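A short worksheet on the structure shown next.
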Amino acid sequence: MRLNENTVVYGDKVVLVPYRHEHVLRYHEWMRSPELLELTASEPLSLDAEYEMQRKWHLDDDKLTFILLERPAGLAVPLDTEALKSARMVGDVNLFLHNGPADNVECEIMIAHADDRRRGFAREALTLFLSYATLSLRIPPAHLIARIGAKNAPSIALFERLGFRVTKLVAVWDEVEMRFGAKGGPDNGENEAGDGVAGDGVAVDGPGTADEQGANVARFLGAEELAPRIGTYD
């Protein structure tokens with residue numbers, strides 16, 4: 001998606017940058033891992049195919065992708081783009097708008113190496129990413145879903161801490177579907193978003209504009225100061 005082609009979003013631990021040509025080789029190395037292929041339900045690609053995929057995702061209107069970098073120590077604000085280009089890649093985060101923002105919107109995150117997990121990278125990245133996405137694309141927060149392997153307990157717990165709840169068990173794929181702001185337990189059908197209240201009583205759907213609902217997600221996820229964290233990635 002071209003929306004974020006020159007956008008950087010920075011947190012205290014991670015920095016989100018657009019997925020560009022210079023990231024492909026490292027990403028391709030990651031995706032040679034059988035573990036990551038299984039966790040992401042992906043097929044291995046050749047390097048040439050990976051470069052083509054990056055070009056396609058840059059132009060597609062139904063995919064929003066950021067690469068996650070570990071924030072360099074002492075990184076100044078405004079951000080030094082050259083310093084970011086040498087920062088260490090730790091993962092990626094994606095949003096899939098198969099039928100546009102008015103329908104379900106699927107989010108996913110990958111932290112590539114085990115040593116980088118449980119360091120707070122994923123939670124901060126999702127906090128920033130979902131706040132940016134809902135505000136920029138005017139996505140009703142209750143449309144946010146995540147599909148996760150049923151045995152991937154750490155990822156399920158992460159999304160639960162961010163206000164998602166399991167609403168559906170998909171036995172054929174051995175995965176669960178989670179929805180932001182949902183209530184109740186899973187079933188074999190389509191649980192709705194419930195009463196539109198997540199966690200501490202933050203409205204996630206219902207009255208209010210999309211901008212107001214997006215702001216609610218940002219407050220609930222702890223990213224109410226999102227705007228000063230967005231910069232330009234040259």
Side-chain angles (χ1 to χ4, degrees), residues 1-23 27 54 57-97 100-101 105-111 116 119-141 143-144 146 158-159 161-164 180 198 202-204 208-234:
M1 183 177 286
R2 303 196 69 167
L3 170 71
N4 68 321
E5 64 182 354
N6 294 305
T7 300
V8 58
V9 186
Y10 64 95
D12 297 328
K13 298 181 178 182
V14 293
V15 181
L16 285 61
V17 299
Y19 183 30
R20 291 187 174 176
H21 184 275
E22 63 263 26
H23 301 126
Y27 186 86
Q54 182 273 326
W57 281 34
H58 175 214
L59 298 175
D60 284 351
D61 290 332
D62 62 350
K63 300 177 186 70
L64 177 67
T65 298
F66 281 98
I67 291 293
L68 310 181
L69 308 177
E70 182 177 19
R71 179 169 175 165
L75 182 68
V77 179
L79 297 176
D80 181 347
T81 301
E82 289 304 313
L84 287 181
K85 288 181 179 178
S86 61
R88 190 172 68 90
M89 290 172 55
V90 297
D92 73 337
V93 65
N94 304 287
L95 202 69
F96 300 99
L97 302 91
V105 176
E106 183 180 354
C107 52
E108 66 176 27
I109 188 166
M110 177 185 74
I111 302 297
D116 287 323
R119 296 182 59 190
F121 291 160
R123 182 169 184 171
E124 183 178 72
L126 278 172
T127 295
L128 296 169
F129 178 67
L130 294 180
S131 300
Y132 171 82
T134 52
L135 290 166
S136 300
L137 296 171
R138 300 175 61 82
I139 298 169
H143 290 189
L144 295 170
L158 168 66
F159 276 88
R161 288 195 296 272
L162 294 174
F164 288 74
F180 184 80
V202 177
V204 296
T209 66
D211 284 342
E212 289 167 345
Q213 292 175 358
N216 281 337
V217 172
R219 286 196 294 275
F220 180 67
L221 297 181
E224 66 273 12
E225 301 302 323
L226 179 66
R229 292 182 175 272
I230 297 177
T232 301
Y233 191 69
D234 297 327

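We count residues from 1, following the sequence as given. These numbers come from a predicted model, not from an experiment.
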Restricting to non-hydrogen atoms, name the atom on [X] and the atom on [Y] that form the minimum distance, rounded to 0.1 Å.
X      : Y      : result
Pro101 : Arg138 : CB-O, 4.4 Å
Val105 : Gly100 : CG2-O, 4.1 Å
His23  : Pro18  : CE1-O, 3.2 Å

* To do: Indicate yes or no: at least one non-hydrogen side-chain atom of Leu68 is less than 4.5 angstrom from one of Ile109.
  =>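 A side-chain contact exists here, since the closest heavy-atom pair is under 4.5 Å.
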* Are Tyr27 and Asp92 side-chain neighbours, meaning at least one heavy-atom pair lies under 4.5 Å? ->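 A side-chain contact under 4.5 Å exists here.
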* How would you list, by chain and number, every residue that makes a ring-ring contact (aromatic ring centres under 6.0 Å, His included) with Tyr132, sequence neighbours excluded? ->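 With neighbours one apart ignored, the set is Phe66.
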* Contacts of type ring-ring contact (aromatic ring centres under 6.0 Å, His included), residue Phe96, not counting sequence neighbours ->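 Checked Phe96 against ring-ring contact (aromatic ring centres under 6.0 Å, His included); matches are Trp57, His98.
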Can you give the donor-acceptor pairs under 3.5 Å from side chains of residues 227-234 to other protein atoms, not counting sequence neighbours?
from: Arg229; atom 1: NH1; to: Tyr10; atom 2: O; distance (Å): 3.1

* **Counterpart residues, side-chain contact (heavy atoms from CB on, under 4.5 Å), relative to His58 (two or more places apart)** =>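 Arg2, Glu5, Gln54.
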* In chain order, what residues pass the side-chain contact (heavy atoms from CB on, under 4.5 Å) check against Arg123, with sequence neighbours excluded? ->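 With sequence neighbours excluded, Arg123 shows a side-chain contact (heavy atoms from CB on, under 4.5 Å) to Thr127, Leu158, Arg161, Leu162, given in chain and number order.
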* Please name all residues satisfying salt bridge (charged side-chain N to carboxylate O under 4.0 Å, His left out) with Arg71, sequence neighbours left out, ordered by chain then number. =>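 Testing Arg71 for salt bridge (charged side-chain N to carboxylate O under 4.0 Å, His left out), a comparison that skips the adjacent residues, returns none.
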* **Qualifying residues under salt bridge (charged side-chain N to carboxylate O under 4.0 Å, His left out), relative to Asp116, sequence neighbours excluded** =>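 So Asp116 forms a salt bridge (charged side-chain N to carboxylate O under 4.0 Å, His left out) with Arg88, Arg119.
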* To do: Would you please name every residue forming a side-chain hydrogen bond (donor to acceptor under 3.5 Å, both in side chains) with Asn4, sequence neighbours left out?
  =>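 Applying side-chain hydrogen bond (donor to acceptor under 3.5 Å, both in side chains) to Asn4 gives none.
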* Sequence neighbours left out, what passes side-chain hydrogen bond (donor to acceptor under 3.5 Å, both in side chains) with Glu108? Give chain and number order. =>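 Glu108: side-chain hydrogen bond (donor to acceptor under 3.5 Å, both in side chains) contacts with Asn94.
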Rounded to the nearest 0.5 Å, what separation is found between the [atom1] atom of [X] and the [atom2] atom of [Y]?
X     : Y      : atom1 : atom2 : result
Leu3  : Thr65  : CG    : OG1   : 11.5 Å
Leu95 : Thr134 : CG    : OG1   : 9.5 Å
Leu97 : Ile139 : CG    : CD1   : 5.0 Å

* Spell out, as yes or no, whether a donor-acceptor pair under 3.5 Å connects the side chain of Glu124 to the backbone of Gly11. =>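 No; judged by distance alone, with no hydrogens or angles, the pair does not exist.
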* Asked: Does Ser86 reach the main-chain N or O of Ala83 with its side chain, forming a donor-acceptor pair under 3.5 Å?
  ->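 Side chain of Ser86 to backbone of Ala83: a pair is present.
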* Should Thr7 and Leu16 be marked as a side chain to side chain contact (heavy atoms under 4.5 Å, CB included) after you check the CA-CA gap, both sets of side-chain angles, and the distance that decides it? -> CA-CA 8 Å; Thr7 300; Leu16 285 61; over 6 Å; no
* Relative to each other, are the rings of Phe159 and Phe164 parallel, tilted or perpendicular (30° and 60° limits)? ->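 Phe159 vs Phe164 ring planes: perpendicular.
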* Enumerate the residue pairs fulfilling salt bridge (charged side-chain N to carboxylate O under 4.0 Å, His left out) with a member in residues 58-69, sequence neighbours excluded, ordered by first and then second residue. =>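 For residues 58-69, and leaving out neighbouring residues, the salt bridge (charged side-chain N to carboxylate O under 4.0 Å, His left out) pairs sorted by first residue read Lys56-Asp60, Asp60-Lys63.
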